[in-house]
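Whatever order the structure lists them in is the order used to number ligands and atoms, beginning at 1.
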Amino acid sequence: MADQNYDYDVLVIGAGPGGYVAAVRAAQLGLKTACAESRETLGGTCLNVGCIPSKALLHGSELFEEAAHGTLAKFGVKTGKVELDLPTLQAEKATAVKELTGGIEYLFKKNKIDWLKGRATFQDAHTVEVAGKAVTARNVIIATGSSVTPLPGIEVDNDKGLIVDSTGALALDRVPGHLVVVGGGVIGLELGSVWRRLGAKVTVVEFLDALLPGMDGEVRKEAGKLFKKQGMELKLSTKVTKAAIKGKKVTLTLEPAAGGDAEALEADCVLVSIGRRPNTDGLGLDKIGLAPNARGQIETDHDFRTKIDGVWAIGDVIPGPMLAHKAEDEGIAVSENIAGQIGIVNHAVIPSVVYTFPEIAGVGLTEEQAKEKGEIKVGKFPMLANSRAKTNRETDGFVKVIADAKTDRVLGVWCIASVAGTMIAQAAQAMEFGALSEDIAYTCHAHPTHSEAIKEAAMAVRGKPIHI
Ligand code: NAI
């Protein structure tokens, strides 16, 4: 039953994975709920121009590569001449996006959540204006997400398709001859993989001396080797300082990160993927006296309360990894807290996955972080010795289990494997339950599965894997 003094018990700003999940949970808990979203469809960046469309292109491009480069033929599947029909692939992507965003609309209707179409701006802590109308709520949840960090001097224009961000790179209507990716993080490697598989030459320019900052050091090194083996050119410790467009070509000026002689690199398309930043512009935070921190994020306490009474925040707009599943879990927790329950997110156990081939996934501490905290034991197992991976002819990668040397408690698990994104779930669950490496080692794993590599890596922590 809504509080008589307000239009709603809960008003969520933003309908991405954080916001829509918060709205659904709030409604499930009996709170009168609205969600403000200015995009034409629900689901935010993830469903519209992020996780979901990229997975459609990753899947389609993987099928194309399997057919075009002999993987299918090796297993006796004769395909004849393989051709790419890019409009059909793009249409399939659009259908998946439409089905999934439509699914959220259905959930809103089912849970009687009012979708307020427009951008929301605070007037005071309990009043926001959406499309010229003032709406009041006892609780407001800021779930406005993030957007692409611009690279000074290099202007993105997705319509022209020459210098694009992730949104533009998902919508290209041709395979670029040479795609230069600026930033060797998650987006650059996933979308770089898509276009490489579809026929582009791909060069990744990364400021640091290894790809995928934040991940385990050994994983980053191995990832570099694998992407090189697949034909990506990597220019590490390099920065882009300028871009000049002439006709249908872009000439980039590259410089060593540490300074030195510049070089020119010509591209048919440039993808800028150097990170994302929280969306707080135009929210009217000044009206409620809530200032973002130095990194532009809104700070909250453990319960996702901001320092303004009745105003909460979750997802990419608050500190922590910018991941849809982190935002979703925070969405559930914040609404449970608003409803007087105890909503908790264990930020120490949030898996992250790069959906390349092979996939790269991790949860918990990197080996470097774990070593800083104390003595550790590490067990490793190569996918080459895993029977299922070997049979499928996908032997690149390894699993690594990091455990506390004294207590044997698992501190981190890292996988590079064709299905690492699926495998990492068991590691996250084990860690959530406070597992020891021994617990994983003595859990019966189905044979033959890729997941047996996690069991064997756990056995290797005590030096006793079977298959190596
Ligand atoms: P990122 O932070 O993953 O990677 C950005 C990369 O650009 C870093 O390696 C950084 O060192 C490099 N860089 C920064 N400035 C540079 C410069 N001037 N020149 C060259 N390199 C430079 O950011 P990305 O890939 O843009 O992704 C943004 C966010 O979206 C991330 O937080 C990521 O977690 C999330 N995301 C997650 C996905 C997943 O979970 N599978 C997929 C796509 C995005």
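Distances from atom 5 (C) of ligand 1 to the heavy atoms of S273, G184, G320, G183 show the closest one on S273. Counting only non-hydrogen atoms, the option in A324, G275, C46 that gets closest to atom 26 (O) of ligand 1 is G275.
Taking every non-hydrogen atom of Y355 and a distance limit under 4.0 Å, the qualifying atoms of ligand 1 come out as 41 (N). Counting atoms of ligand 1 from 1 in the listed order, those under 4.0 Å from a heavy atom of L208 are 11 (O). Within ligand 1, the atoms closer than 4.0 Å to a non-hydrogen atom of V205 are 20 (C), 21 (N), numbered from 1 in the order shown.
Judged purely by distance below 3.5 Å, without hydrogens or angles, the side chains of H325 and E330 never pair a donor atom with an acceptor atom. Checked by atom type, the side-chain pair D316/S146 shows a donor-acceptor distance below 3.5 Å. For the residue pair R197/S61, the side-chain donor-acceptor check at 3.5 Å is satisfied. S147 and N279 share a side-chain donor-acceptor pair at under 3.5 Å. Residues E394 and H450 bring a donor and an acceptor atom of their side chains to less than 3.5 Å of each other. A donor-acceptor pair shorter than 3.5 Å cannot be found between the side chains of H445 and E456. No side-chain donor-acceptor contact under 3.5 Å links T33 and N111.
The shortest N or O to N or O distance between V186 and ligand 1 is below 3.5 Å. Taking distance alone, with nitrogen or oxygen atoms compared against 3.5 Å, F207 approaches ligand 1 more closely than that limit. The shortest N or O to N or O distance between P213 and ligand 1 is not under 3.5 Å. Considering backbone and side-chain N/O of V182, none are found under 3.5 Å from N/O of ligand 1. Considering backbone and side-chain N/O atoms, R276 never comes within less than 3.5 Å of an N/O atom of ligand 1.
Evaluation of the side chain to side chain donor-acceptor pair (under 3.5 Å) rule for T238 yields no partner, not counting sequence neighbours. Listed by chain and number, the residues in a side chain to side chain donor-acceptor pair (under 3.5 Å) with N139 are W312 (sequence neighbours excluded).
Closest to atom 32 (O) of ligand 1 among all protein heavy atoms lies M322 CB, 3.5 Å. Protein heavy atom in closest approach to atom 12 (C) of ligand 1: E206 OE1, 3.3 Å. In terms of protein heavy-atom proximity, atom 17 (C) of ligand 1 is nearest to I274 CG2, 3.9 Å. In this structure, the protein non-hydrogen atom closest to atom 44 (C) of ligand 1 is I187 CG1, 3.3 Å. The shortest contact between atom 4 (O) of ligand 1 and any protein heavy atom is with G185 CA, 3.2 Å. Looking at atom 18 (N) of ligand 1, its nearest protein heavy atom turns out to be L151 CD1, 3.4 Å.
Annotation for I154 and A243: closest pair CG1-CB, 3.9 Å, computed over non-hydrogen atoms.
Ligand 1 has no atom lying under 4.0 Å from any heavy atom of S352.
Surrounding CD of E299 are more than 12 heavy atoms belonging to other residues, nucleotides or ligands, all under 6.0 Å away.
At a heavy-atom distance under 4.0 Å, only side-chain atoms of L323, from C-beta outward, approach ligand 1. Only the backbone of V353 comes within contact range of ligand 1, with a heavy atom under 4.0 Å; no side-chain atom does.
At least one side-chain heavy atom of L211 sits under 4.5 Å from a side-chain heavy atom of L236.
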